[in-house]
Each structure stands twice: as C-alpha cells, then as structure tokens.
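Computed from a prediction, not measured in an experiment: that's the story for all the values here. By convention in this document, chain letters (A, B, ...) are assigned in the order of the sequence lines, proteins followed by strands, and residues within each chain are numbered from 1.
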Number of protein chains: 2
Amino acid sequence: MAVTIKDVARRAGVNPSTVSRAIHNHSAISEKTKERVRKAMADLDYSRNSAAQMLASGKSGAIGVIFPPIENKSEQPFFMKILTAINEEAHQNKITVSIASGHTIEELLSQVRVMYQEKRVDGFIVLYAGEADDVRDYLLAGEIPFVIVGTPIERANEMTAVDNDNKLMGAEAAQYLAGLGHKKLAFVTNTDKGEVFHERYRGFEEKIKSLGLNGQLLYTSESLALDNVTALVVLDDILAIKVIQGLTERGITVPDDISVISFNNSVFASLIHPYLTTFDINITQLGHSSVQKLLHLIADPDDFREKVTVPFELKVRESTKAVN
Amino acid sequence: MAVTIKDVARRAGVNPSTVSRAIHNHSAISEKTKERVRKAMADLDYSRNSAAQMLASGKSGAIGVIFPPIENKSEQPFFMKILTAINEEAHQNKITVSIASGHTIEELLSQVRVMYQEKRVDGFIVLYAGEADDVRDYLLAGEIPFVIVGTPIERANEMTAVDNDNKLMGAEAAQYLAGLGHKKLAFVTNTDKGEVFHERYRGFEEKIKSLGLNGQLLYTSESLALDNVTALVVLDDILAIKVIQGLTERGITVPDDISVISFNNSVFASLIHPYLTTFDINITQLGHSSVQKLLHLIADPDDFREKVTVPFELKVRESTKAVN
DNA sequence: CTGAAAGCGCTTACAG
DNA sequence: CTGAAAGCGCTTACAG
C-alpha cells in the first residue's frame, strides 16, 4: 500500500539501511547517494511510518503537555496560548504534542502513566508549578524527562523550570507607579496561595520599602479599605477588571482617582475601558523555551537542570496615570 | 528492559499470541486462560508498547484535534473547554489526542498531512466549520475519517458534523424576550460572516416575524441606533460585554432600560455585572459526541455521515428583565 | 481453544 | 562509504 523505505531503496538502487541513514543525514553516507535517495523519496512521496521508527529506535517523537487538574482552565487564556506556542516549536522540530488533562490528580496521573509506559511520549511539559503533587513525584521518581512552566516550591534544583521573574515584575509594578508620583499603594489579591502571588507580592513589598513608600496588602474577599491609596497592583487581569468595576460602583474612577496595574496582558486587558496597564509575560517564549529545554533533556538525560527566565514587558494602557 | 508480551507469556505458561488475544478479549480464548494472563500482566506490571501495536495492527490509537488558523484562539474559552472534553472522552476509550494548530492554512495543512501520513493519528476532529478550506479538502479527498464541530456550508452531506441548533437558539432568544413583553428588538453583531451568525440571526428574524414583532439588525461597527428598542440579542458574550459598556457610557442601563441576551455562556458571562443571560451551548457534550462519532467512523469508514445536534440551555442571569 | 510462524517498516551494530 | 542481517514488540492468518 503505502510507500516504504524498501520502495525508496529499490528506486534509488541502494539498500534500505542506506536509505535510513540518508534520511537521518548520517555523516558516513556520500552526498551523491543522499541526493539519489532524496530524489527517490520525493518521486515516490515517501513518508516515514512513525510506528516503525518508534519501535526500532525506542523514541516516540512526541511530547506530552500536562494541564493543571483544575476546572477553570478554559477561563485562562494562558493555557491555549502556551499550547499553541508549544505546538509551533514542536512542529518545527518534527515532534508531535499530545495532551494530558483531568479534573483530579488521580485522573491526570493515570493519563500521564499510560502515555509514558506505552511509550507514546518521550517527555512532558507540566503547565503548573507550586507545591509538589503525585504527578510530579511520579515524573521525578521515574527519572522521566520533563520541564515545568512556573516555579516549583520544593526540590526546585532537581528540575528544569521555565518562568518569568515574578518577583522582579512585582518590583517593577511598584517602581512604575512610584515614577508616576504615587506614594500610597496597595497590592490586591484574591488568594494568598501560590508562588505567583508570593513572588509578585514579595517584589512589590521590598521595592516599596526600599523606596520608603507606603504599601499594604488587600484581599478582595473583604471590601477594599482604600484610605488615601492612589494606586493598586492587582494580581491578574481578571481580578483587575472586577476590582475596577467594584470601584466604579463606589464612585471611584480609574485612572482619575486611582491607578491600577495588573499582570498577564490577557484578553481581559483590552476587553473594556479603561484598558489595563499590565505586564506581558511573553507566553510564546515560555512555550518555545520549554520545548527546547525538554528536547535537550530527552536527548541527554544527564543534562543539568536549570531555571530559564523569560523576559516580560509592561504594556501601558489606560488604567494608570500620574498623580496631579 | 521493559516487560513485554513474551515475559507475560512465559509467566502465564502460554504462547505470546495467546497473550495478545487475551488482552483483546478475543472470544476464542477460554476464561481460565484469560484469567491466568491477566494475573501475569498484573504481577509483572505489563504495559503494551504502543509503537509495536501500531506497527502490527496499522492503527495508531490516537486522534488529532485541528484548531482554526486564527490568532485569537486563546481569547475564546471554547477551545480549551472542548479540548478538555475531547481528551476526557478519548482517554475513556484508551485513545490519546494530539493537536494541530497553525497561524496559516498552509502551516495547519502541513501538520495535518504529517500526522496522517506518518500514521500518528487515525482521524481528526476539526474545530472550525463554515466555508471549505484546504485542510478540509485534503481530508475529504484522502477519505480520512474526521468530524467537524460546527456546521459546514458546502458538501455538508459528505461529512459528520456535531453542532448546536443555532437557528433554534436565535429563535428562542427572540421568544424569551417576547415572553418578557419586549416588542421592539434588535440583533447585534460585529460580523456578517460565518454560519454561526447566519443561523442565529435567521432564527431570530423568522421568530420575530411569526410573532408579529419588530426586529432589526445592528452592527457594532457603527454606533447603535437604538430608537425605542428595548431588547438586544447579541452574537456572543464578549461582544455583549462591550455593547453593555457602550450603553452604560451613553447613560443607558442594562437591564433597566434595555435587556440583553447573548450566546455561549463563557467566562465573560459572569465576569462583571450585570451577569449575562446567555445560552449554554454544552461544550462538554459537543466534545464527547465528536469523539464518539469519530471513533465510529474510524472503526467503520463506510458508516453514514450524519449531523449530531447537541441541546442548549438558556441561563437566565441579570441582563434581562420584563418590560414594565 | 491454542501454538508456531511470518510480517508490520524501520534502525543499527557488524562486516567489508 | 555501503550492504546483509537481526531485532524492536506486537498481531493475525493458518494449522491443528
């Protein structure tokens, strides 16, 4: 039926093994032969059979992407965006990407297990960090190649992670607002969990102190006690939109009465006015880098673990303003 | 290294071929033997090697999900949500899902080609409908099993499609508003392209006529000419949020002055107040059904093509109100 | 109901 | 620089 390496070999007048070597651009094969083989492949419209290649080589040519076991993934544009970026980079490297997602850790682990044990993938990109879970433990215990997007809390030095510098981002948020003349600021969050919150807040706090300004931490679970605060740093875009609506209802206008800066530069940032001043976290590069790192790890399992920091960029829009 | 079917055979005291048959629950194998084989598999923690299975059987045990070649996929929660549902159903059927996505049709087609020619997947789920494109032509021409989520415009009877009844949804929107006493309505859109718009609007229009009410079509590209309209049917949630903000700026309040009903029930619907009255399109079932249909098609390529219609449900929230 | 054998389409030491 | 051969781990007609 389908064209195989044998057909190509016959047409090029060589042995199948030579075709295989030519395909992989083996250095021992003469350029002349390679050329003949290439021609034959083109003539016959040859495609490798991935199953045969996998079986013979032991490599699957695929990677798995692991989504967090949460319900509201679809609410966060981050996931679709990074999946697209990962796929793009993978395709460039002639690698396919499969996905693992589940509502619970157990479901997720079961998928990951199957994918790896059946040798469907050579490694994984994990799209959530923070505290360890069964999935990560399984990967570490099995010495399975993986990279984490985000910053793990424990055993960080045992794995490769790709992330933004959230602490620096928090600091730059404070810095930028200080530059606009704001003296009394607050960091607004709806959670006190997670590395992302901790790092962003820590950066904010330290910077505020070093600048000798006034800063506080506010939770959206309570009504925001704003006494004289003129600028807010909000944990993410979605929360910022909600906070702004809450302020508007209280007769407080953004940015005239109060400036707001947030993080992620997602759709929500330019959905309604005031469009948000927010940090672009460069998801595309997060995706590309994680694939590259993973391919290195797969090629050389003893490659050292490292942290890759992807740059961010402040997008100034309508929600911030200098104090008059 | 890894446990193979041979190891299991030895342990169970049978031939490898018997193990294979037992695994597939072949009817010719005695229950007693199956039991022995199962025990041996469990003892040895056996996992099949998918590459070997693919090569020998010609089936990949994987399906591909094709995303639309658009930039703003990540802005629409639909994609992540259906991907999750697809993966869930696939996993239940011991199938993995790989993805294809590209910024252009060419890139997309190249990915789809590779996936199929290399036999990495047995079929595809296409996440966009409307007019034909090179990808769909390729699938049709190659008689490759696929199902479309959405409603194709051309050659609809040649493919299996899974969708909501958008026309009925448009009609029910009008019906619901009429029930609240609204007499002058408008359908608001930002595009006149695409099946989704056409169907929803057509349903709206016909229902308005049959009820003897007044209805018009408004484009958000122009400022909305609202003379005495008391209710709006808006193409989707995102647009509805923007429309509501525009109205608010003009001093028009939703739902007191004007009611708004939209479609999709995405995150945007309950992001800010007024929370939207909107149609839940049941994405989970769209995903599950499309996988089931695809698996049927793969198992039996001569299975007839059909259209599967998934029910929807109106979620009444804050943006609609009876006329006083 | 089960076994022995051939074959799926590649890769890769081993020779030369 | 290239060929012949064995092998990767399954499946599946063919026998019995």
Side-chain angles (χ1 to χ4, degrees), chain A residues 1-38 40-41 44-62 94 96 114 116-120 122 298-299, chain B residues 1-38 40-41 44-62 94 96 114-120 122 299:
Chain A
M1 294 262 331
V3 179
T4 75
I5 214 172
K6 273 191 189 172
D7 303 315
V8 175
R10 201 174 308 124
R11 175 143 189 144
V14 297
N15 188 281
S17 59
T18 302
V19 173
S20 175
R21 294 193 186 97
I23 289 173
H24 294 290
N25 208 17
H26 195 292
S27 59
I29 304 292
S30 74
E31 195 47 49
K32 214 178 101 209
T33 305
K34 280 181 188 166
E35 197 40 62
R36 270 224 312 283
V37 171
R38 276 187 216 115
M41 293 200 300
L44 299 173
D45 191 23
Y46 169 79
S47 282
R48 65 175 173 171
N49 178 312
S50 64
Q53 196 179 42
M54 284 182 213
L55 181 57
S57 71
K59 295 259 148 257
S60 77
K94 304 199 182 299
T96 43
V114 170
Y116 194 72
Q117 293 189 166
E118 296 190 350
K119 302 211 185 306
R120 291 181 170 278
D122 300 321
I298 290 171
Chain B
M1 294 261 336
V3 179
T4 76
I5 214 171
K6 273 191 190 171
D7 302 315
V8 175
R10 200 173 311 124
R11 177 146 189 140
V14 297
N15 188 281
S17 59
T18 302
V19 173
S20 175
R21 293 192 187 96
I23 288 174
H24 295 289
N25 208 16
H26 195 293
S27 58
I29 303 291
S30 76
E31 195 47 49
K32 214 179 100 210
T33 306
K34 280 181 188 166
E35 199 37 66
R36 270 225 310 282
V37 171
R38 273 186 218 116
M41 293 201 300
L44 300 173
D45 190 23
Y46 168 78
S47 280
R48 63 175 175 172
N49 178 312
S50 65
Q53 194 178 44
M54 287 181 207
L55 181 58
S57 72
K59 295 261 150 257
S60 77
K94 305 201 182 296
T96 43
V114 170
M115 286 169 87
Y116 194 72
Q117 293 188 167
E118 296 190 350
K119 303 213 185 305
R120 289 182 171 277
D122 299 322

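- Per the geometry, CZ belonging to B:R120 stands 14 Å off C1' belonging to C:dG9, to the nearest Å.
- Qualifying side chain to side chain contact (heavy atoms under 4.5 Å, CB included) partners for A:S30, counting only residues two or more places apart in sequence or in other chains: A:K32, A:T33.
- Along DNA chain C, the nucleotide closest to B:R36 and the one closest to A:Y46 are compared, and the more 5′ of them pairs with B:R36.
- Atom pair B:K6:NZ and D:dC10:C1' shows a separation of 11 Å (rounding to whole Å applied).
- Nearest approach of B:A12 to B:V37, heavy atoms of both residues: CB-CA, 4.2 Å.
- What separates CD1 of A:I23 from P of C:dT12 is a distance of 12 Å, to the nearest Å.
- The two residues B:N15 and B:A9 make their nearest non-hydrogen contact at C-CB, 3.8 Å.
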Between B:L44 and B:V8, is the side-chain contact (heavy atoms from CB on, under 4.5 Å) condition met? List the steps.
CA-CA 7 Å; B:L44 300 173; B:V8 175; 4.2 Å; yes
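- Between the NZ atom of A:K59 and the P atom of D:dC8 there is a distance of 17 Å, given to the nearest Å.
- Per the geometry, CG belonging to A:L44 stands 15 Å off C1' belonging to C:dG9, to the nearest Å.
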Let me have the donor-acceptor pairs involving side chains of residues 21-28 of chain B, under 3.5 Å, with sequence neighbours excluded, atom names and distances please.
from, atom 1, to, atom 2, distance (Å)
B:N25, OD1, B:K34, NZ, 3.0
B:H26, ND1, B:A28, N, 3.0

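- The distance from the NZ atom of A:K119 to the CD atom of A:Q117 is 8.5 Å, given to the nearest 0.5 Å.
- For C:dT2, neither phosphate oxygen OP1 nor OP2 lies less than 4.0 angstrom from any side-chain nitrogen or oxygen of B:N15.
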5'-to-3' dot-bracket of DNA chain C (Watson-Crick, G-U; under 3.5 angstrom; crossing pairs as [ ]; | other strand):
|||.||||||||.|||
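- To the nearest 0.5 angstrom, A:S60 atom OG is 10.5 Å from B:N49 atom CG.
- Once rounded to the nearest 0.5 Å, the distance linking CD of A:E35 with CD1 of A:I29 reads 13.5 Å.
- Distances shown here put every side-chain N or O of A:Q53 at or beyond 4.0 Å from the OP1 or OP2 atom of C:dG9.
- Residue B:T18 places no side-chain N or O under 4.0 Å from the OP1 or OP2 atom of C:dT2.
- Minimum heavy-atom separation, A:L55 to B:A51: N-CB, 3.7 Å.
- For the pair B:I5 CD1 and C:dG3 C1', the computed distance is 14 Å after rounding to whole Å.
- Remark on DNA chain C: of its neighbouring residues B:S57 and B:V14, the 5'-side contact belongs to B:V14, judged by nearest-heavy-atom nucleotide.
- Whole-Å rounding puts the B:N49 CG to C:dC10 P distance at 16 Å.
- For B:R48, the side chain to side chain contact (heavy atoms under 4.5 Å, CB included) criterion is met by A:E118, A:R120, B:Y46, B:Q53, not counting sequence neighbours.
- Listed by residue number, the members of residues 24-34 of chain B with any heavy atom below 4.0 angstrom from DNA chain D are B:H24.
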Show me the protein contacts with nucleotides 13-16 of chain C, counting only N or O atoms at under 3.5 Å.
from, atom 1, to, atom 2, distance (Å)
C:dA13, N6, A:R21, NH2, 2.3

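- Remark: C1' of D:dT12 and CG of B:L55 are 13 Å apart, rounded to the nearest angstrom.
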